[in-house]
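Since this is a predicted model, take the numbers as computed values, not measurements. We name chains A, B, ... by the order of the sequence lines, and we start the count at 1 in each one.
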There are 2 protein chains.
Amino acid sequence: MDREQSPSMEDYLEAISVLARGRKVVRVTQISNMLGVKKPSVTSALKKLREANLIEHERYGYVELTSDGQRVADDVFRRHEILRHFLVEILGIDQERASEDACKMEHAISSVTAEKLSKFVDFVLSRPQGEPEWLKSFKHYSEHGNFPAECVTKCEREK
Amino acid sequence: MDREQSPSMEDYLEAISVLARGRKVVRVTQISNMLGVKKPSVTSALKKLREANLIEHERYGYVELTSDGQRVADDVFRRHEILRHFLVEILGIDQERASEDACKMEHAISSVTAEKLSKFVDFVLSRPQGEPEWLKSFKHYSEHGNFPAECVTKCEREK
DNA sequence: TAACATTGTTAGCCGATATTAACAGTATTG
DNA sequence: CAATACTGTTAATATCGGCTAACAATGTTA
């Protein structure tokens, strides 16, 4: 049930997948830049990933994900996006920190939990009325430390 | 802004702190059992933690947290509990998986995000009416894949 | 095509963290 | 108090994932 790849290898796969989107080919230097590691680290990671049949890579050549590699990369990226979305849209964390936290947490959260979290976010945000009032109140409270006037009166009324 | 201790060292400190609660003294074997590592691993971790002034430990003696060590352990444990609480009470994840996930995520989440998450859980659960209707609906939906009857009619009404 | 710039690899190293095997210290108890 | 059982440490080793320095391959351009 545990992850078959280490956080580090997951990062490499995710980076390759993201880089492969725009441009046609992926090269060592791009991966190195994206992950903030030196090129020899990339080379040795690629060796390992190739031996695990997650990428194709010939000496001095381009890097491509195999279908297995793509699957793993997609899984990681999905967890990343679910977490980031939750942090930004529900908790109201700023984009930058949300991405940072998601980058770390994506390797720690189980798939089951991630899917549940995804459902939760969808559930909260996809109501017919749009973002619910209580969430707006939370964000206001969270930012200003007090409740918006309407909320207080509403709460009083409901008591 | 980054964690000053590695995930591994955080785990040792947290374990020591938890073990110290019930019993009077903490010993190597207990830590070893709790974390599922062999005793020599504990010994070398303790050496490192002692050098960082996070624990007191004499050869063949008991283990105690310093005030610095206790502070770090408390921080980690707090993040753990915030995450576990969220996973269980909001997402409805079962206890066991929630604890497992929290154990991993506690090392990845930033303190800022953890505190925001804590506020969120408090906000949702501490309404005057108790657990809100929408959350009950989510849990029902999440478990059964459909919406409880009252929710649907309520949603229709509100459209 | 020769010189240069860029890119990628290799070799060797390091620190972190875990392991096993062997040993040393401590505690219990007959 | 001596034998035994338990607990903890040491030493040696492994794996992982990063690094630098040096070199090799590739690509560009004068």
Can you sort out the partners of B:R50 under side chain to side chain donor-acceptor pair (under 3.5 Å), two or more places apart, ordered by chain and number? none
Outermost nucleotides of DNA chain C that come under 4.0 Å of a non-hydrogen atom of chain B: C:dA16 to C:dT26
Angle, rounded to 10°, between the helical axes spanning five pairs at each terminus of the helix from C:dT1-D:dA30 to C:dG30-D:dC1? 10°
Which residues pass the side-chain contact (heavy atoms from CB on, under 4.5 Å) test with A:H80, sequence neighbours left out? A:E14, A:R84, A:A102, A:C103, A:E106
Here the ring pair (Phe, Tyr, Trp, His ring centres under 6.0 Å) pairs for residues 21-75 of chain B, sequence neighbours left out, are none
How does each nucleotide of nucleotides 18-27 of chain D score, in 5' to 3' order, for protein heavy atoms under 4.0 Å: base (B), sugar-phosphate only (S), or none (-)? SBBB--BSS-
Just jot down the side-chain contact (heavy atoms from CB on, under 4.5 Å) partners of B:S41, sequence neighbours excluded, or say none. B:Y12, B:V37, B:K38
Can you sort out the partners of A:R97 under salt bridge (Lys or Arg N to Asp or Glu O under 4.0 Å), two or more places apart, ordered by chain and number? none
According to side-chain contact (heavy atoms from CB on, under 4.5 Å), who are the partners of A:K48, at least two apart in sequence or on a separate chain? A:M9
Residues that B:K47 engages under salt bridge (Lys or Arg N to Asp or Glu O under 4.0 Å), provided they are two or more places apart: B:E51
Show which residues join B:V88 in its hydrophobic cluster (side-chain heavy-atom contacts under 4.5 Å, direct or indirect), or state none. none
Filter on salt bridge (Lys or Arg N to Asp or Glu O under 4.0 Å), then keep only pairs touching residues 108-125 of chain A, sequence neighbours left out; what's left? A:R78-A:E115
